[in-house]
Amino acid sequence: MAQRVRELHAAGKQVISLLLGEPDFPVPEPLQEAAIAAIREGHAPYPPVAGILPLREAIAAYYHRRYGLPYRPSQVVISNGSKQAIFNALLSLVEPGQEVIVPAPYWVSYLPLIQLAEARPVILPTTAETGYKLLPDQLEAAITPATRALILCSPSNPTGTAYTPTELHALAEVLEKHPSVWVISDEIYELIRYEGEAFSPAQLPALYERTVICNGFSKAFAMPGWRLGYLIAPQALAEAATKVQGQTTAGANLIAQKAALAGLKGDVEALVAPMIKAFRARRDAIYAYLQNHLPQTRPYLPEGAFYYFLDISAFLGRETPRGKVLSSADDLVEYLLEEGVAVVSGSAFGSERHIRLSYAVALPDIEAGLQLLTQALGALQD
Ligand code: PMP
């Protein structure tokens with residue numbers, strides 16, 4: 001879609017893009033300075049495979065301060081983005097043919113990563129009524145002797161909803177009966193949160209010894225292009241992930257590691273506060289707008305991340321002014337693009353009845369995009 005939008009722009013067509021999966025903010029100043037200083041040092045040796053020790057220490061200290069979780073630096077493995085951390089976790093954890101449970105809607109890369117690890121994704125659909133969150137009964141019913149892991153993403157891409165500690169407790173009670181099932185906890189949006197308590201499944205005693213935390217610097221630190229993420233896991237798994245990474249990409253970019261270290265050394269929450277404030281204002285503005293103009297899309301207030309997942313069921317089966325019947329989210333997204341607003345089809349996340357809007361976009365663009373969306377949907381005929 002991003003490529004299509006670029007082509008349309010090049011052809012002189014105005015398109016408002018609500019596609020972005022990355023903050024529209026610069027890398028915070030102290031991180032920029034640390035990166036420049038790292039370059040000026042003039043040395044560029046291979047970094048240690050699992051990352052530089054001060055950064056591993058800083059990450060362990062951060063999880064201790066923010067979540068009360070005790071980890072040794074040796075349990076932290078730094079990667080080239082959290083996507084690689086998730087892949088390292090899967091390759092270290094699953095055997096060919098095993099099953100990995102993925103609640104839908106899910107982040108696009110989970111299924112291919114599971115398949116590359118020669119395991120089988122087991123997709124569990126969720127609904128708007130539960131905030132697109134997995135229920136304990138659903139989890140219980142899906143677990144088989146082949147189940148090896150459950151992937152949780154909270155706050156979620158694409159919905160922005162987040163599990164409460166109580167909800168995670170209830171899932172942990174199910175997992176307590178199945179000690180061989182691990183949790184891969186994608187916490188990349190944990191700092192981008194507007195409501196509720198930041199809580200990791202690793203905080204539950206039943207899950208601490210079998211949770212792999214995956215996190216990174218692409219979202220809260222606005223540095224996706226510098227490619228830096230990490231996992232935190234029980235020692236044996238951290239060592240396995242280090243071996244995998246040692247024979248694939250080896251250690252992550254040293255400049256990015258030094259920048260991230262500067263970010264974690266300061267007051268992290270204060271550093272990201274201005275960006276979170278802007279996201280919150282946009283989130284609230286979109287909610288108010290949708291409630292007034294598009295209540296059929298079942299608007300809700302996401303607790304975190306920077307996405308809205310809109311239910312477009314009410315518009316399926318309708319006809320565009322040019323006579324095309326819209327039978328899926330993909331059709332609707334195509335039509336919206338023709339009308340000048342680009343959004344992501346829910347099919348990328350496992351739903352044919354939703355579209356995803358990103359609000360990592362300036363407020364005037366969001367407002368213009370929402371108006372185009374309303375006009376385009378209003379022009380559809382029954
Ligand atoms: N998990 C989720 C839920 C994401 O949205 C993303 C980025 N879109 C990632 C992981 C990967 O991020 P990165 O590899 O840039 O750290």
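Whatever order the structure lists them in is the order used to number ligands and atoms, beginning at 1.
Using a 30° and 60° split on the angle between ring planes, F25 and F279 fall in the perpendicular class, above 60°.
The aromatic ring centres of Y71 and Y208 sit less than 6.0 Å apart.
With F349 as the partner, the side chain to side chain contact (heavy atoms under 4.5 Å, CB included) test is satisfied by one option alone out of I355, V108, T159: V108.
Between G229 and ligand 1 there is no heavy-atom distance shorter than 4.0 Å. Contact annotation: Y189 has at least one heavy atom less than 4.0 Å from an atom of ligand 1. For the ligand labelled ligand 1, residue Q84 lies outside the 4.0 Å heavy-atom shell. Not a single heavy atom of G216 sits less than 4.0 Å from an atom of ligand 1. Heavy atoms of K219 approach ligand 1 to within less than 4.0 angstrom. Ligand 1 is never approached by P224 to a heavy-atom distance shorter than 4.0 Å.
Looking from atom 1 (N) of ligand 1 to the surrounding protein, the closest heavy atom is D186 OD2, 2.6 Å. The shortest contact between atom 15 (O) of ligand 1 and any protein heavy atom is with S218 OG, 2.6 Å. Among all protein heavy atoms, the one lying closest to atom 16 (O) of ligand 1 is S82 N, 2.6 Å.
Pairs engaging residues 106-119 under the salt bridge (Lys or Arg N to Asp or Glu O under 4.0 Å) rule: none recorded [sequence neighbours left out].
The distance from ligand 1 to the heavy atoms of R227 drops below 4.0 Å at these ligand atoms: 13 (P), 14 (O), 15 (O). Listed by atom number, the atoms of ligand 1 under 4.0 Å from C153 heavy atoms are 3 (C). Heavy-atom proximity to G81, at under 4.0 Å, picks out these atoms of ligand 1: 14 (O), 16 (O).
Heavy-atom minimum distance, P321 versus Y335: CD-OH, 3.7 Å.
Summarising the geometry, atom OG belonging to S351 is positioned 7.5 Å from atom OH belonging to Y132; distances are rounded to the nearest 0.5 Å. In this structure, the separation between OH on Y230 and OG on S82 is 9.5 Å, given to the nearest 0.5 Å.
Every side chain to side chain donor-acceptor pair (under 3.5 Å) that E195 has, sequence neighbours left out, goes to R283.
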